[in-house]
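Atom set for the values below is all heavy atoms of this structure, side chains included, hydrogens, waters and symmetry mates excluded.
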Amino acid sequence: MLTGRCSKRDGVLAENLNRHFGAPRRPHGPGRPIGGPGTACLAIIMLALLGIASTVHGNGPDDGAKGNAGVDMHSDPAEAVADPATSAYGVTVPLRALGDDGAEGEFDRSLDRAGRAGLQWVRTDLAWPHVETEQGRWNFDATDRAIERLEDGGMRIVGVLGGTVDWAEPAPEDMDAWLKYVRRVVRRYSGRIRYWQVWDEPNAPAAWPGEPDVAAYARLLKATAAAIRETDAEARIVAPAVAGLDLTFIEAIYEADGGNSFDVLAAGPRWSAGMPESPDLAAALDDLRELMLRHDDGGKPIWLTHLGWESAAPVLFDPDDGGAWARTIRTGLNHLEPRRQEWTLAVLDDPTYPGAMALPDRVLRQLLPGNGGIERVDLNELGRLSPRQHPALLLPLDEATPAGAGDALLRYVRDGGILISGYGAPLMDQWVEDADGQWRRRNVIEDWERELRFQLRAHWMAGDVPRHATRVTAARGFDGAFPVPPRFPEGTAGRFIMPGELRGGDRFTPLLVAREGGFEGTVAATIKYGSDLRGGLVAWTPWIEHRYVRQDHALPRAYLIAFQKGIDRIFWADLHEPAGQDGKALLHGRGRDKPAIEAHEHLTRMRPDGSVVRLGPWRRGDLFSPAWERPDGTVVHALWSAPREMKVRIGWDGPSVRITDHRGRNVDVQPERGAIEMQLGPGVVYIEGPETLSITPEDNP
């Protein structure tokens, strides 16, 4: 069963209790925390005795009493949102999409679908160049139409201020012109837009004029906040809306005395290349809250302004069959050992260092040429790895290995094991932990070139090597063995592998070759060792984006983790996909449903606004089990396991329950001896009804 104890991170919970049980606020500023970790642990005990649960979200400066009484277990999600002003669910919609008259009916249908899926807030850009098209010439036609369309669709609006114009660039250096724009826009939409975001992702090179400059942004933020508050006393400021959870940038804003210049702390975690659990979104949000507490700002709500996963994997990698990446590696293993039928793939997956593996087993199995399974090993187990039991070992997809692993890896190859380097330059770097606990990379490629008898070629090593090659084909003898896209994504094939100082019996075999102009290089190959080394190497050098997470799986998991950590409002990355694209949006072009919109719809049905979190342990390793109480009094539990799947036994007291998957489909599981057995994976399962669950993993997570 899941059990837990208070930890140093429970100081975050103490701060949340302040927010939800009356911590004082000062105007436009933070409340003061009532205690640290010890207070949190005491609060947990007190709340458990009193049967009180802490509200998770909806505590912005304008939030009133929340409640959606009367929502039953099977209610429509639109009915579950009683007050849009306090809703936690939002989406980003670019102004250009709202102003596209040619697709007006199409986008209105998308807005209607968004409302039915529980989305009540829209974040849109009201950028400077959109309204002051020439110096002194103001045109609000496009923004007026956009705001009207959103209001007609029943949406609450967050206006994003930003952008530069030719006659006043960059904004921080011509503050008078910038503030004139700010006052004019805020005055025009006063009473219709209450929340104003000051710039979007000022820490991103593509978003800030010139190089990102935190001091310049802090000056801009303070001046802009003062202008907004002078223009509209009811307005609230959202900032800094950084790209990623950039704690260094946020800390610098506090140190520049910018903390009193925003009412909502916004950040855009960019987790689209990995799972919500790895990198650890929960730990990152804890770190953000702890930073705010250090600056006496723990009472402010936190919004996530840019959360999203792609709905389609790149052509090089596919979560269902592995794509070109998995098939190439599988072909390489089969080439090295064509007679082997049984494979057990060892995966170096040690969560104690930065290059930890996060690929789920269902993807890793695609690497195996025959029957077999997956076994994850940590650094301690690596030294005992036997090629007889584990004929192949997958290294982290990171171009780096941890310090101290070199001897074990060489022994493994010497004894007959096959190393799989499945990402970029093989073993180029080494992760080294400093005395202060910081991990740093150290280049060790020359050592590995000598030991494993290959050579790396890249543009920074030789002038005749291109930065990237996009014409990639199967090498001679492997035609038809695996799919090769007609054109590789630009920038992926930029590292090339050649045979090094091979010894008698060693054999280098290209699998994929790349051409650009007159250049030809190998981007995937095997080395079969037949000398003092008896194993092999499979190397895939192109970069791949690890978008192995299904969009409809990631969405509810990320939201539930965020709500568990006290996040007030979440904005998905985009609503409506441009024609012919398949990115992060919740809907296809022409407003057609994606599985992700169905997952969002069911999430808001299961967890409507006004739900309260159940305190207590909610995570054990790869097993997640947050629970909450809906406004109608029904308790709901969400269960999933990632990245590893696991079989669990679930028991509860009381009558039968309803179990649904992440898209609202009934899960038919027959109880046995007062409990059920389920195979949990990356798709969330909701269990409605029981006050408590006992969850026992039947295999080691």
Problem set entry | With N334 via side-chain hydrogen bond (donor to acceptor under 3.5 Å, both in side chains) - residues at least two apart |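 Listed in chain order: nothing, the list is empty.
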State whether the side chain of [X] and the backbone N or O of [Y] hold a donor-acceptor pair below 3.5 Å, judged by distance alone.
X    : Y    : answer
K647 : E677 : no
R569 : S87  : yes
W325 : Y423 : no
T604 : A117 : yes
R330 : Q366 : yes
W540 : W543 : no
T634 : R630 : no
Q551 : K584 : yes

For this session: Would you name the heavy atoms of A400 and R441 that are closest together and state the gap between them?
Result: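 For A400 and R441, the tightest heavy-atom pair comes out as CB-NH2, 3.5 Å.
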Exercise. How close do G536 and V413 get, heavy atom to heavy atom, and via which atoms?
Worked result: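 Distance-wise, the nearest heavy atoms are N-CG1, 4.3 Å.
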Problem set entry | CA sep, side-chain torsions, deciding dist, call: L419, L409, side chain to side chain contact (heavy atoms under 4.5 Å, CB included) | CA-CA 8 Å; L419 284 185; L409 294 177; 3.9 Å; yes
For this session: Decide whether a cation-pi geometry holds between R550 and W309; the criteria are a distance under 6.0 Å from NZ or CZ to the six-membered ring centre and an angle within 45° of the ring axis.
Result: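 No, R550 does not lie over the aromatic ring of W309.
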Any side-chain donor-acceptor pair under 3.5 Å between [X] and [Y]?
X    : Y    : result
W640 : E277 : yes
D552 : H662 : yes
S625 : H637 : no

Exercise. Step by step, would you call L395 with I420 a side chain to side chain contact (heavy atoms under 4.5 Å, CB included)?
Worked result: CA-CA 6 Å; L395 299 175; I420 304 172; over 6 Å; no
Exercise. Sequence neighbours excluded, which residues qualify as salt bridge (Lys or Arg N to Asp or Glu O under 4.0 Å) partners of R663?
Worked result: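 E598.
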Could you check whether any side-chain heavy atom of [X] comes within less than 4.5 Å of a side-chain heavy atom of [Y], counting everything from C-beta outward?
X    : Y    : answer
L555 : L586 : yes
V684 : H553 : no
T696 : V648 : no
V667 : T660 : no
I567 : P301 : no
L603 : Y686 : yes
L307 : Y559 : yes
T692 : D653 : no

For the [atom1] atom of [X] and the [atom2] atom of [Y], what is their distance to the nearest 0.5 Å?
X    : Y    : atom1 : atom2 : answer
D287 : D280 : CG    : CG    : 9.0 Å
L368 : L333 : CG    : CG    : 7.5 Å
R534 : D415 : CZ    : CG    : 6.5 Å
E399 : L427 : CD    : CG    : 10.0 Å
L364 : I374 : CG    : CD1   : 5.0 Å
L288 : L304 : CG    : CG    : 8.5 Å

Exercise. Do NZ/NE/NH1/NH2 and the carboxylate oxygens of E601 and R113 come within less than 4.0 Å?
Worked result: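 Between R113 and E601 there is a salt bridge, with a charged N closer than 4.0 Å to a carboxylate O.
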Exercise. When you check the gap from the basic side-chain N to the acidic O, do R614 and E629 get nearer than 4.0 Å?
Worked result: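 Between E629 and R614 there is a salt bridge, with a charged N closer than 4.0 Å to a carboxylate O.
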Problem set entry | Evaluation steps, salt bridge (charged side-chain N to carboxylate O under 4.0 Å, His left out), between D349 and R644 | CA-CA 11 Å; D349 184 4; R644 303 164 180 85; 3.0 Å; yes
For this session: Take atom CG of D407 as the centre, draw a 6.0 Å sphere, and report whether it contains more than 12 heavy atoms from other residues, nucleotides or ligands.
Result: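 Not buried by this count: 12 neighbours or fewer within 6.0 Å.
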Problem set entry | Stepwise ring-ring contact (aromatic ring centres under 6.0 Å, His included) test for H600 and Y89 | CA-CA 9 Å; H600 194 289; Y89 300 102; 5.3 Å; yes
For this session: Start with the C-alpha gap between R289 and K565, add the side-chain angles, then the distance that decides, and say whether side chain to side chain contact (heavy atoms under 4.5 Å, CB included) holds.
Result: CA-CA 9 Å; R289 182 70 73 183; K565 290 301 176 180; over 6 Å; no
Exercise. Where do I650 and L639 land on the side chain to side chain contact (heavy atoms under 4.5 Å, CB included) test, with the steps shown first?
Worked result: CA-CA 10 Å; I650 305 169; L639 306 178; 3.4 Å; yes
For this session: Kindly indicate, with the supporting measurements, whether the criterion salt bridge (charged side-chain N to carboxylate O under 4.0 Å, His left out) is fulfilled by D622 and R376.
Result: CA-CA 13 Å; D622 298 320; R376 298 171 189 266; over 6 Å; no
Only distances under 3.5 Å count here; give the side-chain donor-acceptor pairs of residues 382-394 to other protein atoms, sequence neighbours excluded, each with its distance to 0.1 Å.
residue, atom, partner, partner atom, Å
R384, NH1, N380, O, 3.4
S386, OG, R388, N, 3.2
H390, NE2, E375, OE1, 3.0

